[in-house]
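Let me begin by presenting the structure, written as structure tokens, before commenting on it.
Note that these values count all heavy atoms, side chains included, but never hydrogens, waters or copies made by symmetry.
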Amino acid sequence: MRLRVEFTTEPFDLDEAPAHALVAREVIQAADLDAVDVGPFGNTAEGGTDEVLTAVDSLLRKALGAGATRVSLQVNVIGEIGEGEK
């Protein structure tokens with residue numbers, strides 16, 4: 001199936017992106033996901049089940065390790081994967 005993950009990390013810093021936010025974005029951008037949208041107040045990405053869940057695991061571990069005190073995320077099923085897709 002296809003999943004969409006939406007997430008934010010805290011604490012916020014409006015002056016410059018904190019280390020945990022940068023690490024979280026790097027994880028998502030480096031993962032084997034598509035439809036990646038990185039923004040100042042939220043981030044989204046889509047992909048297959050294994051790819052999204054692997055990225056979420058890494059995101060949580062690395063963002064918390066980089067100083068995040070809270071990670072809010074939502075994972076939604078957005079469809080089935082068609083033939084030829086991963």
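For the pair V52 and E46, the tightest heavy-atom approach, listed with the atom from each and the gap, is CG2-C, 4.2 Å. When all heavy atoms of V27 and A55 are compared, the pair lying nearest together is CG1-O, 3.7 Å. Across V38 and Q29, no two heavy atoms sit closer than the pair CG2-NE2, 3.6 Å. Minimum heavy-atom separation, N76 to E6: ND2-OE2, 3.7 Å.
To the nearest 0.5 angstrom, D50 atom CG is 10.0 Å from M1 atom CE. Rounded to the nearest 0.5 Å, atoms CD (E51) and OG1 (T49) are 8.0 Å apart. Atom CZ of R70 is separated from atom CG of L64 by 12.5 Å, given to the nearest 0.5 angstrom. To the nearest 0.5 Å, the span separating CG on D37 from CD1 on I28 amounts to 12.0 Å.
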Problem - side chain to side chain contact (heavy atoms under 4.5 Å, CB included) assessment of L73 paired with V56 - result: CA-CA 9 Å; L73 66 88; V56 166; 4.0 Å; yes
Handout entry: Evaluation steps, side chain to side chain contact (heavy atoms under 4.5 Å, CB included), between V77 and L3
Key = CA-CA 5 Å; V77 175; L3 302 177; 3.7 Å; yes
Problem - Intermediate values then yes/no, side chain to side chain contact (heavy atoms under 4.5 Å, CB included), R2 and D34 - result: CA-CA 11 Å; R2 264 185 83 68; D34 49 65; 2.7 Å; yes
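Distance alone, capped at 3.5 Å, places no donor-acceptor pair between the S72 side chain and the T8 backbone.
Transitive grouping of hydrophobic side chains (ILVMFWY, heavy atoms separated by less than 4.5 Å) brings V36 and V75 into a common cluster. In terms of hydrophobic clustering, with Ile, Leu, Val, Met, Phe, Trp and Tyr side chains grouped at heavy-atom distances under 4.5 Å, L53 and L60 are assigned to a common cluster.
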Which pairs of donor and acceptor atoms, one on a side chain in residues 13-25, lie under 3.5 Å apart (sequence neighbours left out)?
residue	atom	partner	partner atom	Å
D13	OD1	D15	N	2.9
D13	OD1	E16	N	3.4
H20	ND1	T9	OG1	2.9
H20	NE2	P11	O	3.2
R25	NH2	G39	O	3.0

